[in-house]
2 protein chains.
Amino acid sequence: MKVKNYYKNLPHKTIERLSQYRRALLICLENGKTHIFSHEIASIQHITPVQVRRDLMLIGYSGTLRKGYNIQDLIDVISNIIDDEAGIKAAVVGMGNLGRALLKYIRGKRHKLEVVVGFDTSEDKIGKQYNGITCYSLDDLDRVVKEKDIKLAILTVPAAYSNDVADKLVKAGIKGILNYTPKPIRVPDEVYLEEYDMITTLEKVAFYIKMHQEEEEEEQQHSHDA
Amino acid sequence: MKVKNYYKNLPHKTIERLSQYRRALLICLENGKTHIFSHEIASIQHITPVQVRRDLMLIGYSGTLRKGYNIQDLIDVISNIIDDEAGIKAAVVGMGNLGRALLKYIRGKRHKLEVVVGFDTSEDKIGKQYNGITCYSLDDLDRVVKEKDIKLAILTVPAAYSNDVADKLVKAGIKGILNYTPKPIRVPDEVYLEEYDMITTLEKVAFYIKMHQEEEEEEQQHSHDA
DNA sequence: AATTTTATGTTATTTTTTTAACAAAACTTG
DNA sequence: CAAGTTTTGTTAAAAAAATAACATAAAATT
Ligand SMILES: NC(=O)c1ccc[n+]([C@@H]2O[C@H](COP(=O)([O-])OP(=O)(O)OC[C@H]3O[C@@H](n4cnc5c(N)ncnc54)[C@H](O)[C@@H]3O)[C@@H](O)[C@H]2O)c1
Ligand SMILES: NC(=O)c1ccc[n+]([C@@H]2O[C@H](COP(=O)([O-])OP(=O)(O)OC[C@H]3O[C@@H](n4cnc5c(N)ncnc54)[C@H](O)[C@@H]3O)[C@@H](O)[C@H]2O)c1
């Protein structure tokens with residue numbers, strides 16, 4: 001029976017929530033708490049306690065009845081699942097406004113997930129340090145990725161270059177890409193790809209604001225009719 | 001029969017994809033194309049053509065058999081659904097590294113969705129202009145939000161202040177919040193909330209890199225056994 | 001000691017989202 | 001012009017995710 005890949009079948013959403021649970025748990029631990037109930041975790045994440053318990057069931061973690069979950073234990077269990085033992089090294093590709101902001105933000109946040117270099121094509125940036133991280137030329141991508149065993153790339157180049165740079169990343173042996181470029185990229189199946197577009201999210205918020213507005217208008221109409 | 005709120009029941013995911021379709025369509029239009037097939041849209045977004053057609057069916061848009069969809073028409077239809085006629089005004093709250101990067105990025109991208117001001121508490125930033133946008137003191141939130149009819153807030157303050165500032169935004173009458181802070185905030189039901197955490201996404205990518213690694217190790221094991 | 005309360009863990013159900021199946025129409029080709 | 005191909009639009013099925021239901025046990029209360 002497979003043991004190692006047991007967690008492979010966890011729902012994607014559960015993986016996301018595990019990361020969020022851990023972040024919340026770390027804060028609770030700092031505040032001196034030792035145990036936590038499913039409804040407390042749920043409240044922080046504004047989800048239901050059932051969902052929390054179900055996620056924890058899926059990873060096979062058990063709490064204590066009427067006492068809740070041991071925070072340190074749970075952090076360790078989650079870390080064992082989502083963290084790579086040897087740690088995963090990442091690169092920020094495209095050290096512009098967003099790239100530098102991200103670099104600064106991520107730096108030092110996670111023990112097993114570290115941004116170790118940046119890449120850019122601008123002479124102004126190549127060779128410079130940002131938050132203690134060296135920016136290399138994109139021409140050195142292959143070499144640096146291999147030398148430093150970088151597996152993850154955060155893509156923040158101008159949209160026009162997304163695909164070109166993505167191809168280079170794949171060739172260099174990158175295993176996962178987080179694409180913040182508004183242009184969807186194409187990568188082989190064995191490279192894990194996650195894309196996020198801020199405009200889309202923003203437009204979604206705007207849409208639901210609009211919907212809510214229209215609902216209210218309609219309600220007013222009704223009360224006027226009555 | 002309700003007409004105005006017909007689109008209220010569209011799946012959330014469809015709304016997201018509509019925004020993405022439009023972005024892709026705008027690029028196609030610029031390139032001089034007039035018509036597009038569902039499989040072309042699908043290929044850009046790396047989803048299936050069926051999903052594209054299903055989404056378009058849901059919004060009641062019809063293409064031409066064997067000719068595809070009229071790009072300009074479709075853009076207009078999507079815009080009619082997701083854009084607010086009067087336009088929605090947004091504020092960036094917390095003009096730090098991320099806030100300024102976002103402001104610069106969003107500026108001028110969409111006709112009906114505009115960032116019109118920034119807010120901060122730092123004396124260094126209050127009164128300054130960033131990309132032509134004035135940064136106001138958080139103390140002026142109520143006044144400015146009302147004066148300029150701002151409905152959407154992009155929250156990029158330090159995590160420690162997320163909740164405080166969110167409360168103020170709600171009191172000021174903001175209708176939707178996009179929270180980039182790693183701390184989930186609580187808002188009343190009538191305020192639409194979208195949260196996004198980069199660390200979570202990053203950890204998700206790292207997790208699937210790890211999983212893929214372990215799968216490969218196992219395969220090697222097997223071929224060794226055989 | 002019996003009863004009530006509070007939480008967990010699991011199975012069942014519902015909802016949401018994606019994918020598949022296929023009929024119908026328009027064009028192409030032999 | 002008949003047969004085949006392509007592409008849409010829709011209904012049906014499957015898969016994924018969230019929610020509900022509930023049995024169980026520890027602690028608190030009566
Ligand atoms: N700024 C934001 O908040 C934001 C938000 C969402 C998405 N984005 C997207 O992220 C990307 C970067 O945005 P930005 O605001 O940081 O832009 P930016 O212009 O500030 O930064 C782009 C950087 O990429 C570098 N670059 C150019 N070509 C390159 C290449 N081939 N390889 C490596 N580096 C290269 C440039 O020298 C520059 O440093 C864009 O695609 C943008 O659409 C930005
Ligand atoms: N930098 C990133 O790429 C990144 C990525 C994801 C999330 N975040 C999150 O976004 C937030 C901002 O990150 P940052 O890197 O821009 O930080 P930053 O320190 O550069 O910016 C924070 C800004 O908020 C201002 N501020 C402080 N208190 C405020 C208040 N009460 N009201 C309004 N403004 C206030 C500060 O003066 C500063 O200008 C943080 O919560 C961070 O965790 C940042």
Side-chain angles (χ1 to χ4, degrees), chain A residues 6-21 25 28 33-71 73-74 77-78 184 189 194-195 200 204 207-208 211, chain B residues 7-21 25 28 33-71 73-74 77-78 184 189 193-195 200 204 207-208 211:
Chain A
Y6 170 72
Y7 298 119
K8 186 180 62 178
N9 298 313
L10 289 173
H12 278 226
K13 296 280 180 173
T14 295
I15 297 299
E16 288 175 17
R17 282 191 297 265
L18 287 177
S19 161
Q20 286 160 4
Y21 297 160
L25 291 169
C28 292
K33 268 179 86 97
T34 62
H35 287 75
I36 194 165
F37 296 126
S38 61
H39 69 256
E40 291 177 295
I41 299 178
S43 158
I44 299 171
Q45 301 299 134
H46 36 66
I47 54 177
T48 64
V50 193
Q51 188 148 65
V52 174
R53 292 205 298 277
R54 216 180 181 292
D55 285 335
L56 299 188
M57 187 200 79
L58 288 176
I59 64 172
Y61 182 74
S62 285
T64 314
L65 208 65
R66 285 194 65 106
K67 217 178 154 189
Y69 304 92
N70 180 294
I71 294 178
D73 269 14
L74 185 48
V77 168
I78 293 177
D189 279 351
E194 192 82 23
E195 308 203 300
T200 291
K204 192 180 173 190
F207 172 79
Y208 286 105
M211 279 301 114
Chain B
Y7 299 120
K8 187 179 61 180
N9 297 315
L10 289 173
H12 278 227
K13 296 280 179 173
T14 295
I15 298 298
E16 288 175 17
R17 282 190 298 264
L18 287 177
S19 160
Q20 286 160 4
Y21 297 160
L25 291 169
C28 293
K33 267 177 88 94
T34 62
H35 287 76
I36 194 166
F37 295 127
S38 61
H39 69 256
E40 292 177 294
I41 300 177
S43 159
I44 299 171
Q45 300 299 134
H46 38 66
I47 55 176
T48 64
V50 192
Q51 189 150 63
V52 174
R53 291 205 299 277
R54 216 182 180 292
D55 284 335
L56 299 188
M57 187 199 79
L58 289 175
I59 64 172
Y61 182 72
S62 286
T64 314
L65 207 64
R66 287 191 64 106
K67 218 177 152 190
Y69 304 92
N70 181 294
I71 294 179
D73 268 14
L74 185 47
V77 169
I78 293 176
D189 279 351
L193 174 64
E194 190 82 23
E195 308 204 301
T200 290
K204 192 180 171 190
F207 172 80
Y208 286 106
M211 279 300 114

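Proteins come first, then strands; the chains are lettered A, B, ... in the order of their sequence lines, and each starts at number 1.
- Within the model, atoms CE of A/Met211 and CG of B/Leu10 stand 8.0 Å from one another, a figure rounded to the nearest 0.5 Å.
- Here the NZ-CG distance, from A/Lys204 to B/Leu18, works out to 12.0 Å after rounding to the nearest 0.5 Å.
- Across the protein-nucleic acid pair, A/Leu56 atom CG and C/dT11 atom C1' stand 17 Å apart, rounded to whole Å.
- Of all non-hydrogen atoms in A/Leu25 and A/Ile71, the two that sit nearest each other are O-CG2, 3.6 Å.
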Taking only nitrogen or oxygen atoms into account, show me every contact under 3.5 Å that the protein makes with nucleotides 18-20 of chain D, one pair per line with its distance.
residue : atom : partner : partner atom : Å
D/dA18  : OP2  : A/Arg17 : NH1          : 2.8
D/dA18  : OP2  : A/Arg17 : NH2          : 3.1
D/dA18  : OP2  : A/Gln51 : NE2          : 3.2
D/dA18  : O5'  : A/Gln51 : NE2          : 3.4
D/dT19  : O4   : A/Arg54 : NE           : 3.1

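- The interatomic distance linking A/Leu58 (CG) with C/dG9 (C1') rounds to 11 Å, in whole Å.
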* Going through the checks in order, is the side-chain contact (heavy atoms from CB on, under 4.5 Å) test met by A/Ile78 and A/Leu74? -> CA-CA 6 Å; A/Ile78 293 177; A/Leu74 185 48; 4.0 Å; yes
* Asked: Would A/Val52 and A/Ile47 satisfy side-chain contact (heavy atoms from CB on, under 4.5 Å), going step by step from the backbone distance to the final call?
  -> CA-CA 8 Å; A/Val52 174; A/Ile47 54 177; 3.9 Å; yes
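- The distance from atom OH of A/Tyr61 to atom P of C/dG9 is 9 Å, rounded to the nearest whole Å.
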Using atom names, set out every protein N or O paired with an N or O of nucleotides 1-8 of chain C below 3.5 Å, distance rounded to 0.1 Å.
residue : atom : partner : partner atom : Å
C/dT5   : O2   : A/Arg66 : NH1          : 2.7
C/dT6   : O4'  : A/Arg66 : NH1          : 3.0
C/dT6   : O2   : A/Arg66 : NH1          : 3.2
C/dT8   : OP1  : A/Ser38 : N            : 3.0
C/dT8   : OP2  : A/Ser38 : OG           : 2.5

Which pairs would a plain distance check flag for residues 34-42 of chain A, meaning a side-chain donor or acceptor within less than 3.5 Å of a matching protein atom at least two apart in sequence or in another chain?
residue : atom : partner : partner atom : Å
A/Ser38 : OG   : A/Arg53 : NH1          : 3.2
A/Glu40 : OE1  : A/Phe37 : N            : 2.7
A/Glu40 : OE2  : A/Lys33 : NZ           : 2.9

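- Here OH of A/Tyr7 is found 10.0 Å from CD1 of A/Ile15. Values are rounded to the nearest 0.5 Å.
- Taking atom NE2 of A/His12 as the reference point, atom P of D/dA17 lies 7 Å away to the nearest angstrom.
- Here the straight-line distance linking atom CD of B/Gln45 with atom CD of B/Gln51 works out to 10.5 Å at 0.5 Å rounding.
- D/dT7 atom C1' lies 16 Å from atom CE of B/Met57, rounded to whole Å.
- In this structure, CD of B/Glu40 is placed 14 Å from P of D/dT6, rounded to the nearest angstrom.
- Taking CG of B/Asp73 as the start and OH of B/Tyr61 as the end, the distance is 4.0 Å to the nearest 0.5 Å.
- Distance NE2 (A/His35) to P (D/dA27): 11 Å, rounded to an integer number of Å.
- Counting to the nearest Å, the C1' atom of D/dA17 and the CD1 atom of A/Ile15 are 14 Å from each other.
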